[in-house]
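To keep things clear, I will list the structure first and then write my remarks on it.
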Amino acid sequence: MSVARSVALFVAAAFLEIGGAWLVWQGLREHRGLLWIGGGVVALGLYGVVATFQSDANFGRVLAAYGGVFVAGSLAWGMVADGYRPDRYDIAGALICLAGMAVIMYAPRGH
């Protein structure tokens, strides 16, 4: 699998997981109702499906790498959806997480 396809799958998974969690949050915390919650539950389930399309067969490796995408994606989601303004430490932390993700997923392995 190409790195570009793998990254696209991580982005899709992040959109579904973060978006799903945001919908549940909105449904419960902002009292938007069961449709929001239900939409969030569906999106979270689809996130689990998308993650299985990564070519690496190691669940732990894929989910650990996805953690870096989740950190950066959550900050980006907050900026777009909620007007959150990350500070330099948020940005530095997200970049460190993305670097860790790249090492975990794309480092050359002799297998």
Side-chain angles (χ1 to χ4, degrees):
M1 174 185 296
S2 73
V3 171
R5 182 169 187 267
S6 174
V7 169
L9 286 170
F10 278 128
V11 169
F15 181 81
L16 290 166
E17 186 186 16
I18 298 163
W22 184 82
L23 287 170
V24 171
W25 178 283
Q26 293 296 309
L28 291 172
R29 299 273 306 239
E30 303 299 327
H31 310 288
R32 295 204 173 170
L34 291 176
L35 285 177
W36 287 71
I37 296 166
V41 169
V42 169
L44 288 165
L46 290 172
Y47 147 73
V49 172
V50 168
T52 68
F53 294 125
Q54 289 289 349
S55 64
D56 195 302
N58 297 293
F59 174 81
R61 179 178 293 145
V62 170
L63 250 345
Y66 172 70
V69 176
F70 179 81
V71 169
S74 295
L75 292 172
W77 188 283
M79 290 171 61
V80 171
D82 295 325
Y84 176 70
R85 302 283 302 171
D87 63 22
R88 65 182 179 210
Y89 301 108
D90 293 327
I91 294 167
L95 291 173
I96 290 167
C97 289
L98 288 173
M101 176 280 260
V103 170
I104 291 168
M105 278 303 289
Y106 308 123
R109 291 185 166 85
H111 44 105

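Considering CZ of Arg61 and CE of Met101, their distance stands at 13.5 Å, rounded to 0.5 Å. Considering OG of Ser74 and CG of Asp90, their distance stands at 11.0 Å, rounded to 0.5 Å. Atom CG of residue Asn58 and atom CE of residue Met105 lie 9.5 Å apart, to the nearest 0.5 angstrom.
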**OP:** Step by step, work out the side-chain contact (heavy atoms from CB on, under 4.5 Å) result for Leu98 and Phe10.
**Re:** CA-CA 11 Å; Leu98 288 173; Phe10 278 128; over 6 Å; no
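Under the 4.5 Å side-chain heavy-atom criterion for grouping Ile, Leu, Val, Met, Phe, Trp and Tyr, Trp25 is not connected to Val80 through any hydrophobic cluster. No single ILVMFWY cluster, assembled from side-chain heavy atoms under 4.5 Å apart, contains both Trp22 and Val41. A continuous path of ILVMFWY side-chain contacts below 4.5 Å connects Val62 to Val11, so both sit in one hydrophobic cluster. Under the 4.5 Å side-chain contact rule for hydrophobic residues, Leu16 and Leu35 do not share a cluster. Put simply, Ile18 and Phe53 are part of the same group of oily side chains (I, L, V, M, F, W, Y) that touch within less than 4.5 Å, one to the next.
You'll find the side chain of Phe15 reaches within 4.5 Å of the side chain of Trp77, heavy atoms only.
Clustering of Ile, Leu, Val, Met, Phe, Trp and Tyr by side-chain heavy atoms under 4.5 Å joins Tyr84 with Leu75. Hydrophobic cluster membership of Ile96, counting Ile, Leu, Val, Met, Phe, Trp and Tyr whose side-chain heavy atoms lie under 4.5 Å apart directly or via other members: none, as it forms a cluster of its own. Through chains of ILVMFWY side-chain contacts below 4.5 Å, Leu95 is grouped with Ile91.
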Exercise answer: donor-acceptor pairs, residues 64-73 side-chain atoms, under 3.5 Å, sequence neighbours excluded:
from, atom 1, to, atom 2, distance (Å)
Tyr66, OH, Glu17, OE1, 2.7

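By the side-chain contact (heavy atoms from CB on, under 4.5 Å) test, Ala12 pairs with Val50, sequence neighbours left out. Under the side-chain contact (heavy atoms from CB on, under 4.5 Å) criterion, Leu28 pairs with Val24, Ile37, sequence neighbours left out.
Nearest approach of Gln54 to Leu9, heavy atoms of both residues: NE2-CB, 3.4 Å. A pairwise comparison of heavy atoms in Gly20 and Ala43 identifies CA-CB, 3.7 Å as the closest pair. When all heavy atoms of Thr52 and Gly48 are compared, the pair lying nearest together is CG2-O, 3.3 Å.
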